[in-house]
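Written below as structure tokens is the structure these notes are about.
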Amino acid sequence: MNKIVIQKLSLWFSIALLTVSCSGTVQTNEQDKEKLKQDEIDTKVAQIIEKRDFLTDFKSFTEQTQLKVEKNNQSITELRQVIIEERKSSNGEFATKIRQLDFRNKALQKKIAAFDQSHLSEWRNFKSEVNRDFDELESAINNLFTISKSYQ
């Protein structure tokens, strides 16, 4: 009888151990599912924030570049007045350079307008490239002003 009691206790203990073990696994699976759901939510929130930040930055960038385009247009107009109208000459070299500057300015404006906002990964490179192009254009305009003054 003692042997039967020990076997029953052993069997009962094994069943209890399996029950506890299984309930721990179920609880762990539920925790894993909750963690995955939270990770998905965190990822979506991060994407929304990144998109919002991009749109804010893009809007600011386009406003700033529009001001640069307008400033360049004004400078190009002044160059035309100084070189062509005041000198009563259409010096071919200067007129050509002015047309090239005007073309570059308009091309930059079109490039900005054509940027596809769905290409967020390309944003930093695009922004850097456009800023560099504007710097080069503004430098070329200033150089032409300097050259035109030396001919007066």
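In this chain, numbering begins with 1 at the start of the sequence shown.
- Atom NZ in Lys71 sits 13.5 Å away from atom OG1 in Thr65 (nearest 0.5 Å).
- Looking at heavy atoms from C-beta onward, Leu55 lies out of side-chain contact with Arg52 at the 4.5 angstrom threshold.
- Using a distance-only test at 3.5 Å, with no hydrogens or angles considered, no donor-acceptor pair links the side chain of Ser128 to the main chain of Arg124.
- Heavy atoms from other residues, nucleotides or ligands lying under 6.0 Å from CZ of Arg132 number more than 12.
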Pair Gln66-Glu70, side chain to side chain contact (heavy atoms under 4.5 Å, CB included): steps then yes or no: CA-CA 6 Å; Gln66 184 58 37; Glu70 291 170 8; 3.3 Å; yes
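- A distance of 10.0 Å separates CD1 in Ile141 from CD1 in Ile98, rounded to the nearest 0.5 Å.
- Atom CZ in Arg104 sits 8.5 Å away from atom CD in Gln100 (nearest 0.5 Å).
- A continuous path of ILVMFWY side-chain contacts below 4.5 Å connects Ile49 to Ile41, so both sit in one hydrophobic cluster.
- A donor-acceptor pair under 3.5 Å links the side-chain atoms of Thr43 to the main chain of Asp39, judged by distance alone.
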Residues Asn125, Glu129; criterion side-chain hydrogen bond (donor to acceptor under 3.5 Å, both in side chains); working and verdict: CA-CA 6 Å; Asn125 290 336; Glu129 182 181 313; over 6 Å; no
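- The CG atom of Leu144 sits 9.5 Å away from the CD1 atom of Ile76 when rounded to the nearest 0.5 Å.
- For the residue pair Arg80/Thr77, the side-chain donor-acceptor check at 3.5 Å is not satisfied.
- Remark: Asp133 CG to Glu138 CD distance equals 11.0 Å, nearest 0.5 Å.
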Verdict with supporting geometry, Asp102 and Asn73, side chain to side chain contact (heavy atoms under 4.5 Å, CB included): CA-CA 7 Å; Asp102 190 37; Asn73 282 335; 4.0 Å; yes
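- Classification of the Phe115-Trp123 ring pair by plane angle, with boundaries at 30° and 60°, yields tilted.
- Heavy-atom minimum distance, Asn131 versus Phe61: OD1-CE1, 3.5 Å.
- Scanning all heavy atoms of the two residues, the minimum distance from Phe134 to Ile112 falls at CE1-CD1, 3.7 Å.
- Atom OG of Ser75 and atom CG of Leu101 lie 9.5 Å apart (nearest 0.5 Å).
- Gln109 and Asn105 form no side-chain donor-acceptor contact under 3.5 Å, judged by distance and modelled atom types alone.
- Between Gln47 and Lys51, the closest side-chain pair of non-hydrogen atoms is not below 4.5 Å.
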Side chain to side chain contact (heavy atoms under 4.5 Å, CB included) evaluation trace for Asp57 with Lys127: CA-CA 10 Å; Asp57 190 29; Lys127 184 178 176 181; 3.1 Å; yes
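- Around the NZ atom of Lys106, the shell of radius 6.0 Å holds no more than 12 heavy atoms that belong to other residues, nucleotides or ligands.
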